[in-house]
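A short write-up of the structure that comes next.
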Amino acid sequence: MNNSLWNKSAKALLAVGLVASFGVPTSQTAVEAAAPANDLFISEYIEGSSFNKAIEIYNGTGASVELSPYSLSLYTNGSTSSQSEMALSGTVANGETVVIYHGSANAAIQSKGDLQNSSVVNFNGDDALVLEKSGAPIDSLGQVGARIDNLKDVTLVRNPDIQSGDSIVNNSFNPSTEWTVYPSDTVEYLGNHTMESGVTPGPDPDPTVDGYYETANGLQGESLKAELHDIIDGHTELSYSQVWDALKVTDEDPNNANNVLLLYTGESRSKSLNGGNVGDWNREHTWAKSHGNFGTAMGAGTDIHHLRPTDVQVNGLRGNLDFNYGGSAVNGCDGCLRTSTSWEPPNEVKGDVARMLFYMAVRYESGDGVDLELNDFVNNGSTPYHGKISVLLEWHEQDPVSSWEQQRNDKIEDIQGNRNPFVDHPEWAESIW
């Protein structure tokens, strides 16, 4: 299919070796569009009849948040020392909530619950709660050190204009300043919070980009996959040496034009430190090149939609592992986990990884030298499969497309002449898989 958005000036630059000034932006908005919430905060409190008790925590930061640094503590009867404390676990996606509930709460509460704790979520209306991150308070409910009387038999929902928590734990507490008060046992708002100006919407869709996918409109499943393949097929293929220069453009640090941002570690490293020695960065094949044995051949082996700058040692540790949850911590890569058969990247790039693999599974079909497909297994070895699709779909949802990822897609189009459909239309992943 004719890729009408192919930039002819970029073609000319490729002919002279991919100089680093394509006329694309050298500054980017990192991670997500602006979000006013700088951290998690308590968004709902239920102190109902019997053990109908729950606390809701909201993420309006603009990115998925790993919960392991966070804890919730209960201060009873005016005490200045906590009676109970619970460490939070799991991950909360941007715009989502975590509901912590008492184990004997009614079915309506439990059906919306995420974490159960009958020690901390055992308040009596005159107690205080403190949400902490790495031991420092970031939000509180009630007043530590004072026995209050305005938290009994109520449901409190944080007002939509509140965008940060109350980190002063011993100040007086007046629900009317930040909360809407509902009768006891009101549960209809639990598990879904609204914050005004939470995550600033990204730019309106580019009509030119929408035209790029015009023939895919209305398609689903395999028909959609086949049409997207035709749209992104036939891109300009780079040599493996040209990939070095391309990555210096596509992955340039928006805060330092002399550096690239490394996949997995997020480190900003000098563009000149590309190579194979310790301290260098090299060309990571996100779809492991042994999964289909395409190596570094022009095509799948040099497609910069899935090639990323990565620390040499971290790249070596990842090797050709499939993607999945769990494992041991990886030295030199905060948030990376590794088993003998799988690799888990940090939360900040989980979605990026998923969307790169989605692209590869659509771009390379029978007749493209290698037919790549996603499956729900690890240890795929040299077969042209990569896993695990169920996990990748979760990561795609948890870590939404960022402004930086969108701009990288634009730059790659200038170089290769094709786009990643799952950056432009994230909803298509669920339709196909």
Side-chain angles (χ1 to χ4, degrees), residues 1-7 33 93-95 201-237 286-287 291-292 294 299-300 303-307 323 350-377 380 383-403 405-433:
M1 190 164 192
N2 180 30
N3 294 311
S4 59
L5 289 185
W6 171 230
N7 186 314
N94 174 58
D204 291 335
D206 184 337
T208 310
V209 171
D210 282 350
Y212 182 74
Y213 298 111
E214 184 176 2
T215 56
N217 291 338
L219 299 179
Q220 299 286 327
E222 284 299 320
S223 296
L224 175 60
K225 185 178 183 228
E227 184 59 29
L228 291 178
H229 169 74
D230 287 346
I231 292 170
I232 64 177
D233 193 16
H235 72 265
T236 297
E237 297 179 349
T286 310
W287 186 293
H291 290 222
F294 52 78
D303 193 323
I304 53 177
H305 274 295
H306 85 117
L307 281 158
F323 292 99
K350 278 184 165 73
D352 303 58
V353 166
R355 287 180 282 275
M356 286 187 280
L357 267 63
F358 296 161
Y359 164 87
M360 293 294 284
V362 169
R363 170 60 187 86
Y364 295 95
E365 300 282 18
S366 178
D368 293 314
V370 61
D371 185 358
L372 304 179
E373 298 295 342
L374 294 164
N375 65 13
D376 213 29
F377 300 97
N380 277 296
T383 60
Y385 304 114
H386 226 302
K388 299 178 59 174
I389 181 57
S390 59
V391 171
L392 295 170
L393 288 168
E394 289 180 11
W395 292 353
H396 173 58
E397 180 70 22
Q398 292 168 7
D399 176 30
V401 176
S402 66
S403 298
E405 198 176 351
Q406 291 170 335
Q407 292 182 29
R408 186 176 194 271
N409 201 21
D410 293 340
K411 291 181 177 185
I412 293 175
E413 185 190 10
D414 280 340
I415 298 170
Q416 288 194 171
N418 69 347
R419 302 182 65 84
N420 183 335
F422 304 99
V423 173
D424 295 322
H425 286 276
E427 72 278 6
W428 282 342
E430 184 177 355
S431 174
I432 294 173
W433 289 287

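Under the rule for a salt bridge (Lys or Arg N to Asp or Glu O under 4.0 Å), the partners of Arg363 that lie at least two apart in sequence or sit in another chain are Asp233, Asp368. Legend: residues meeting side chain to side chain donor-acceptor pair (under 3.5 Å) with Ser223, ordered by chain and number and at least two apart, are absent. For Asp371, there are no salt bridge (Lys or Arg N to Asp or Glu O under 4.0 Å) partners, not counting sequence neighbours. Residues that satisfy the ring pair (Phe, Tyr, Trp, His ring centres under 6.0 Å) test with His386, not counting sequence neighbours, are Trp287, His291, Phe323. With sequence neighbours excluded, no residue forms a salt bridge (Lys or Arg N to Asp or Glu O under 4.0 Å) with Glu394.
Proximity of Lys411 to Arg408: side-chain heavy atoms (C-beta onward) are nowhere separated by under 4.5 Å. Contact annotation: the side chain of Thr236 never approaches that of Ile415 to less than 4.5 Å [non-hydrogen atoms, C-beta and beyond]. Taking the side chain as every heavy atom from C-beta outward, Arg419 and Ile412 never approach each other to under 4.5 Å. Glu227 places a side-chain heavy atom less than 4.5 Å from the side chain of Asp230. In this structure, the side chains of Tyr359 and Asn418 come closer than 4.5 Å at one or more pairs of heavy atoms. No side-chain heavy atom of Glu237 sits less than 4.5 Å from a side-chain heavy atom of Asp303.
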Name each donor-acceptor pair under 3.5 Å that joins a side chain in residues 426-433 to protein atoms two or more places apart or in another chain, with its distance.
| residue | atom | partner | partner atom | Å |
| --- | --- | --- | --- | --- |
| Glu427 | OE2 | His425 | ND1 | 2.9 |
| Ser431 | OG | Gln220 | OE1 | 2.7 |
| Ser431 | OG | Gly221 | N | 3.2 |

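Taking each heavy atom of Asp399 and Gly351 in turn, the nearest pair found is OD2-N, 2.8 Å. Counting all heavy atoms, side chain and backbone alike, Asn420 lies closest to Asn409 at N-OD1, 2.9 Å. Contact detail for Ile389 and Phe358: the closest heavy-atom pair is CD1-CE2, 3.8 Å.
Taking OG1 of Thr215 as the reference point, atom CD1 of Ile231 lies at 3.5 Å (rounded to 0.5 Å). In this structure, Glu397 CD and Asn94 CG are separated by 10.5 Å, a value rounded to the nearest 0.5 Å. For the atom pair NE2 (His229) and CD (Glu222), the distance works out to 12.5 Å, reported to the nearest 0.5 Å. Residue Lys388 holds its NZ atom at 9.5 Å from CG of Asn375, rounded to the nearest 0.5 Å.
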Step by step, work out the side chain to side chain donor-acceptor pair (under 3.5 Å) result for Asp424 and Tyr212. CA-CA 10 Å; Asp424 295 322; Tyr212 182 74; over 6 Å; no
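Under the side-chain contact (heavy atoms from CB on, under 4.5 Å) rule, His305 has a single partner from His235, Arg355, Gln416, Glu413, which is Gln416.
Outside the 6.0 Å centre-distance limit, the rings of Phe422 and His396 are not counted as a close aromatic pair.
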